[in-house]
Amino acid sequence: MNNDQAARLRTLAQGQRPEAPLFAARVLAITSGKGGVGKTNVVAGLALSLAQLGERVVVMDADFGLANLDILLGLSPQFTLEHVLRGEKVLEEILLDGPMGIRIIPASSGIQELTRLDTMSELRLIQGLQRVAETADWLLIDTAAGIHDSVLKLLMAAQEVILVTTPEPTSLVDAYAMVKILHLREASKPLWLLVNNGQNPDEAQETVDQLQAATERFLGKRLNVLGLIPNDPHILQAVRQQRGVVDLYPRCPATLAFQALARQLLSRVSLQPDGFASFWRQLASEDPI
Ligand SMILES: Nc1ncnc2c1ncn2[C@@H]1O[C@H](COP(=O)(O)OP(=O)(O)OP(=O)(O)O)[C@@H](O)[C@H]1O
Ligand SMILES: [Mg+2]
């Protein structure tokens with residue numbers, strides 16, 4: 001328990017209303033319409049930048065892609081969420097320790113099962129998540145690209161969603177399709193737009209303007225703009241070395257951009273009471289997606 005939580009417990013004990021609930025956290029899912037736009041790199045970049053700001057970050061790797069987060073960070077998981085669901089491991093046993101104190105839940109192979117669990121597996125996961133939540137401020141979820149049921153379920157359960165696109169027209173069209181689907185399911189879900197891999201700020205800004213114009217015109221919705229990550233060859237070099245770019249190249253343009261975005265998140269995303277648990281309740285609910 002940290003000092004903050006201890007102070008809040010004391011307040012509770014004195015019968016006063018605490019300012020923020022115990023174990024409040026922020027649960028963000030990172031997604032895209034088209035694959036290969038940089039989601040996994042964005043998750044790693046934001047996680048490490050938040051960690052640099054003193055935040056305790058857990059990343060759930062729910063991506064089926066080849067370049068999984070664990071590979072990206074040079075980690076090799078022996079066990080995954082599947083083992084937890086089968087009752088062979090508890091959540092803490094599968095957590096991977098990443099750079100700068102971030103922790104990773106390797107979940108990709110178990111993610112399809114998440115939406116149809118029996119009561120025992122569900123209980124195991126809820127209890128595990130609640131224990132992990134006691135020592136975390138953020139849960140970032142790296143999703144697979146595209147509009148699959150299990151991905152949508154994760155997105156709907158998360159508190160807020162970061163939608164990654166590149167300036168490429170195909171990526172932009174698929175990003176719009178994703179905004180539309182999320183909007184039709186839950187118009188009030190906070191949606192952040194992140195433009196990755198732009199050649200220059202003008203190109204990235206044009207991407208924001210085009211998507212914003214389409215969503216305003218056809219959906220009556222304005223997106224929150226999180227910001228831009230420039231095209232930066234350091235990202236590929238870091239991938240090749242299986243290191244986080246923020247860790248390996250502390251002053252490169254991509255790192256500086258990730259740090260600026262992490263500061264934005266910290267100031268603009270509010271704490272969710274009972275963060276991880278309410279994420280889980282949503283995910284496990286019987287509601288149709
Ligand atoms: N800002 C950038 N500058 C240069 N290269 C980048 C940038 N962002 C991503 N890349 C490169 O793009 C490729 C795809 O990135 P990444 O694996 O993060 O995408 P993804 O959206 O997670 O893919 P998938 O949909 O398969 O999960 C990687 O080779 C990465 O190095
Ligand atoms: Mg990926």
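Just so you know, ligand 1 is whichever comes first in the structure, and atom 1 is the first atom listed for that ligand.
- The local environment of NZ in Lys180 is sparse, with at most 12 non-hydrogen atoms from other residues, nucleotides or ligands closer than 6.0 Å.
- Closest heavy-atom approach to atom 2 (C) of ligand 1 within the set Val239, Asn197, Val164, Ile229: this belongs to Asn197.
- Using a 4.5 Å heavy-atom cutoff, the side chains of Ile102 and Val58 are not in contact.
- Rounded to the nearest 0.5 angstrom, Asn200 CG and Glu206 CD are separated by 9.0 Å.
- Looking at Asp142 against ligand 1, nothing comes within 4.0 Å, counting heavy atoms.
- The option with the heavy atom closest to atom 26 (O) of ligand 1, from among Gly36, Pro233, Ala145, is Gly36.
- At a cut-off of 2.8 Å, Thr40 is counted among the residues with an N, O or S atom near the Mg ion (ligand 2).
- Not a single N or O atom of Ser32, backbone or side chain, sits closer than 3.5 Å to an N or O atom of ligand 1.
- Partners of Tyr249 under the ring-ring contact (aromatic ring centres under 6.0 Å, His included) rule, at least two apart in sequence or in another chain, are His234.
- A salt bridge is defined here as a Lys NZ or Arg NE, NH1 or NH2 lying under 4.0 Å from an Asp or Glu carboxylate O, and Lys189 with Glu160 fails to meet this definition.
- Judged purely by atom type and a 3.5 angstrom limit, Ser32 has no side-chain atom pairing as donor or acceptor with the backbone of Val37.
- Less than 4.0 angstrom separates some heavy atom of Gly35 from each of these atoms of ligand 1: 25 (O).
- Here the shortest heavy-atom distance to atom 25 (O) of ligand 1, taken over Gln237, Lys39, Lys34, Gln199, belongs to Lys39.
- Checked against ring-ring contact (aromatic ring centres under 6.0 Å, His included), His183 has no partners two or more places apart in sequence or in another chain.
- Proximity of Pro230 to ligand 1 is established by a heavy-atom distance of less than 4.0 Å.
- In the vicinity of Asn231, heavy-atom distances shorter than 4.0 Å reach the ligand 1 atoms 1 (N), 3 (N), 4 (C).
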